[in-house]
Amino acid sequence: MWSIEAVIARHEASASERVVMEESTEAAATASGVAPGAGGGEATRSPAATMKVVVAVDASEESLHALSWALDHVVRLHPGASVVVVHAQHRVDRSAYAGLAYVPPTAMDAMRRTQAENTRKVVSRALDVCKQKQASATAVLVVGDAKEAICQAVEDMRADLLVLGSRGLGMVRRALLGSVSDYLANHARCPVLIVKPPNKAGHK
């Protein structure tokens with residue numbers, strides 16, 4: 001388990017090493033707003049790069065609570081930290097209509113429009129939370145299975161910390177459905193902070 005202090009210390013201790021590794025590497029261009037995907041090879045960071053905190057968000061209140069908690073308890077402890085909110089969107093294809101012999105193109109288009117609107121709402125709410133906390137943030141959209149897409153995005157962005165909200169699934173549901181937080185805690189290539197829902201957290 002990584003404490004917040006340990007994550008910050010880990011970032012600061014590795015800063016000088018990153019300078020050496022990145023002397024001959026061009027800094028990757030950054031963009032504000034929703035960026036389509038986080039792929040395209042490993043992202044590079046300038047020698048003066050700050051701590052990068054990535055927060056995975058979805059339509060749940062738990063993810064927004066995790067974002068708010070991270071802004072209050074992580075970002076404020078590390079002035080200048082960059083914040084990225086990442087949202088995973090499932091790929092729309094015929095697999096969503098398994099069992100049907102024919103799927104009208106209009107049905108696929110309708111699903112894509114609905115998904116795009118839902119994504120817009122999720123990202124907008126997350127950025128509003130950041131704005132209320134007076135924290136600047138970038139939003140990134142990844143497409144595919146949430147566990148794998150977020151895991152790859154974290155690696156590509158070279159995140160120093162990944163923050164997730166926990167939905168508090170019971171043991172049976174976790175065994176049957178799996179858990180995004182469990183997967184990322186075991187596979188993400190950076191420390192992972194899982195924030196419990198307000199009513200189950202031991203502290204704020």
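Keep in mind it's a predicted model, so treat the numbers as computed, not measured. One is the number of the first residue; the rest follow in order along the sequence.
In this structure, Arg125 does not pair ionically with Asp128, as no charged nitrogen and carboxylate oxygen lie closer than 4.0 Å. Comment: Asp72 engages Arg76 in a salt bridge, judged by a side-chain N to carboxylate O separation of less than 4.0 angstrom.
A 4.5 Å side-chain heavy-atom check between Met157 and Val84 finds at least one atom pair inside the cut-off. Annotation: side chain of Thr114 is in contact with side chain of Asn118 (closest heavy-atom distance under 4.5 Å). When side chains are defined from C-beta on, Gln115 counts as touching Gln89, because their heavy atoms get closer than 4.5 Å.
Annotation: the span from Glu155 atom CD to Gln152 atom CD amounts to 5.0 Å, rounded to 0.5 Å. Of the inter-residue distances, the one linking Thr106 atom OG1 with Arg113 atom CZ reads 8.5 Å to the nearest 0.5 angstrom.
Taking all atoms of both residues into account, the shortest heavy-atom contact from Leu164 to Ser181 is CD1-CA, 3.8 Å. Shown here for Ala88 and Ile150, the closest heavy-atom pair between the two residues is CB-CG1, 4.1 Å. Summarising the geometry of Val163 relative to Ala66, their closest heavy-atom pair is CG1-O, 3.8 Å, with the distance given to 0.1 Å. Smallest separation of non-hydrogen atoms from Val142 and Ala149: CG2-CB, 3.7 Å. The two residues Pro197 and Ser166 have their closest heavy-atom pair at CG-O, 3.0 Å. Of all non-hydrogen atoms in Leu161 and Met51, the two that sit nearest each other are CB-CE, 4.2 Å.
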